Amino acid sequence: MILIDQIAAQRGDRPLFSNLSFALQAGDCIHLRGENGIGKTSLLKMLAGLSQPDQGQILWQGQALTELGDDYHGQLHYLGHKDALKDLLSPYQNLHWATQIAGNPLSEAAILHTLAKVGLLQQCDLPVRSLSQGQKKRAALARLLATPRPLWLLDEPFVALDTTAQSELGEWINNHCQQGGIVILTSHQQLPSIQHVTELTLTRPL
Amino acid sequence: MSSWAFFCTVIRRDLFLAWQQRGDLLVGLVFFVLVACLFPLAIGPEAKLLSRIGPGVLWVAAILANLLALPRLFQADWQDGTLEQLLLAPAPAGMMVAGKIVAHWLTTGVPLTLIAPLLGVQYGLSSDLLLMLMATLFIGTPVLSALGSIGAALTLGVRQGDMLLALLVLPLYAPVLIFGSGAVAAVAGGLNGYAELSLLAAIACGSLFLAPWLAAMAIKLAVE
C-alpha cells in the first residue's frame, strides 16, 4: 500500500540516507531504528508529506504523494515529537478541535468515549499544562483512536508512558494492524508485545 | 473536507483560542491607546497642529499595535506542534493561513477600528474625518494582517525573529500608511478621499488573495 522508492535526503550538506527502498502492505508494522540524528524523524515527515525527499518518490496505493496532495493527509495520523496539544485547553477541548481540523467532527459522547479509552476521563476538563508528561502523551494518542485512518506515523510514541500505557499502546497498534492498517514508528526502547513487527535500521551512507 | 469548511473551522478555532487568552488581546489594544495618548501630551494643546497630525499618528499607532500582535499568528502553534497538524488537515494550507489571517484581523484590526474614533476626539478630529479614519482602518487593517502573515511565517524559528519580523514587515506597510492617512488628509483638505480609499481597497484585495499562499509556502519550509 505504501512504497518507498529509492529516496534520499540530506540535512544541509550532510547526507542522511540514500537509496532507501521498502514497501508496506496492509497489516504491516515497521520499527525504524538507528542512532540519533540518522534521519528517522526526517523520514517520518517525508512519509507524512510534510517534506519532500531530495531523490526518489513515495507512492501511496500506487500514486505518488506529490500527485495526491492534500487528499493523502486524510489517510494518515502523524504523531510528532511535539504533542500538538494546547496547554491552556483541556484534553476534551484539544481532541474536539483536533477532530474538527481533521474534518471529522465527533459528538461529545464520542470524544468522552475516546478519552476513556486512553484513561483520561477524570482529567478531561483539566488544562493540559497541569497534566504529567505521560498524561499529555495519552491525550495526544487519543487522536489516533478518535478518527480511523489507515496509516499511523508515530515518532517515539512510547516516551514518557508508564508500562501499562505502553502495553495498551502496543495493543492498539496490534488491533490497527489486524484491521488492515499500517504502522511506522520510531523508538529507542524495547517494544512491548507487538506482533509481526519488522525492524529497519537506518545507516549512514559511506 | 471542503476548503470552505476548513477555512471556517480555522477561524472558529483561532477565535476560541484568542478568547481563552483574551488578556493578550487587551495588551495590544492598551498599547494602541497609550501611544495615541502620548502625542497630545508631548505636543501640547494646540488644536490646529493636533488635528493635522492626528490621522497619521493614529495610523502609525495602529500599525505598531498590529506588529505587536503578529508573532501570535503562528508562533504558539509552531512551538506546540499544532501547526504540523493544521498542515496535515485534508485541505489546502493556503486556506489555513487565510483563516488565521481573518481571525487575526477580527481580534486586532476590528477592535482598533472601533476604538480609533474615541482617540480621534482628543486630536479634535471632526465627525467626517473620524468616519473616514474608521473606513481606512477597516479596509487597511486586513492588509496589515495579510502582509504580516508572510513575515510571521518567514521568521518562524529564527533567532530574534520578532525584531527581524518588524524589519521585514514595516516597509511593506508603507503603502497602506500612505493611502490610509492620505484619505483622511484628503477629507480634511475638502476632497472626498475616495481615490485613496479605492486604492487601499485594491491593495486589500490583492494582498488577501496572494498572502495566504506565500505564507503557506514559508510555513512548509519552517516545519520541514
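Throughout, protein chains are lettered first and strands after them, A, B, ... in sequence-line order, and every chain is numbered starting at 1. Remember, it's a predicted structure, so these values are computed and weren't measured experimentally. Just so you know, these numbers use all the heavy atoms, side chains as well, and skip hydrogens, waters and symmetry mates.
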Q: Rounded to the nearest 0.5 Å, what's the gap from OG1 on T82(B) to CG on N94(A)? Could you check?
A: 8.5 Å
Q: Taking the side chain as every heavy atom from C-beta outward, state whether Q21(B) and K86(A) have any pair of such atoms under 4.5 Å apart.
A: no
Q: Indicate the atoms forming the closest heavy-atom contact of A89(B) with H73(A), along with that distance.
A: O-ND1, 3.4 Å
Q. What distance do D80(B) atom CG and L85(A) atom CG have between them, rounded to the nearest 0.5 Å?
A. 7.5 Å
Q | Distance (rounded to the nearest 0.5 Å) between D77(B) CG and K82(A) NZ | A | 11.0 Å
Q | Which portion of K45(A) sits near chain B, non-hydrogen atoms under 4.5 angstrom | A | side chain
Q: Step through the shown structure and confirm whether more than 12 heavy atoms of other residues, nucleotides or ligands are within 6.0 Å of CZ on F22(A).
A: yes
Q: Heavy-atom distances under 4.5 Å only: say whether R149(A) touches chain B with side chain, backbone, both or neither.
A: side chain
Q. Hey, what do you get for CD1 (I101(A)) to OG1 (T9(B)), rounding to the nearest 0.5 Å?
A. 8.0 Å
Q: Provide the closest heavy-atom pair for Q20(B) versus L89(A) in the form atom of the first, atom of the second, distance.
A: CG-CD2, 3.8 Å
Q. For chain A, which residues of residues 136-161 of chain B have at least one non-hydrogen atom nearer than 4.5 Å to it?
A. none
Q. Do you know which two heavy atoms are closest between P90(B) and G74(A), and how far apart they sit?
A. CB-N, 3.9 Å
Q. Which bit of Q93(A) comes within less than 4.5 Å of chain B, counting heavy atoms only: side chain, backbone, both or neither?
A. side chain
Q | Exceeds 12 heavy-atom contacts within 6.0 angstrom, atom OH of Y72(A) | A | yes
(Q) Using heavy-atom distances under 4.5 Å, tell me whether L221(B) contacts chain A through its side chain, its backbone, both, or neither. (A) neither
Q.
Once rounded to the nearest 0.5 Å, what's the spacing between atom CZ of F16(B) and atom CG of L88(A)?
A. 10.0 Å
Q.
Quick check against the 3.5 Å criterion: does Q85(B) have a side-chain atom that pairs as donor or acceptor with the backbone of Y78(A)?
A. yes
Q. Atom CG of L86(B) and atom CH2 of W97(A): how far apart are they, to the nearest 0.5 Å?
A. 11.5 Å
Q: Tell me, yes or no, whether the heavy-atom count around M1(A) atom CE, taken from other residues, nucleotides or ligands under 6.0 Å, exceeds 12.
A: yes
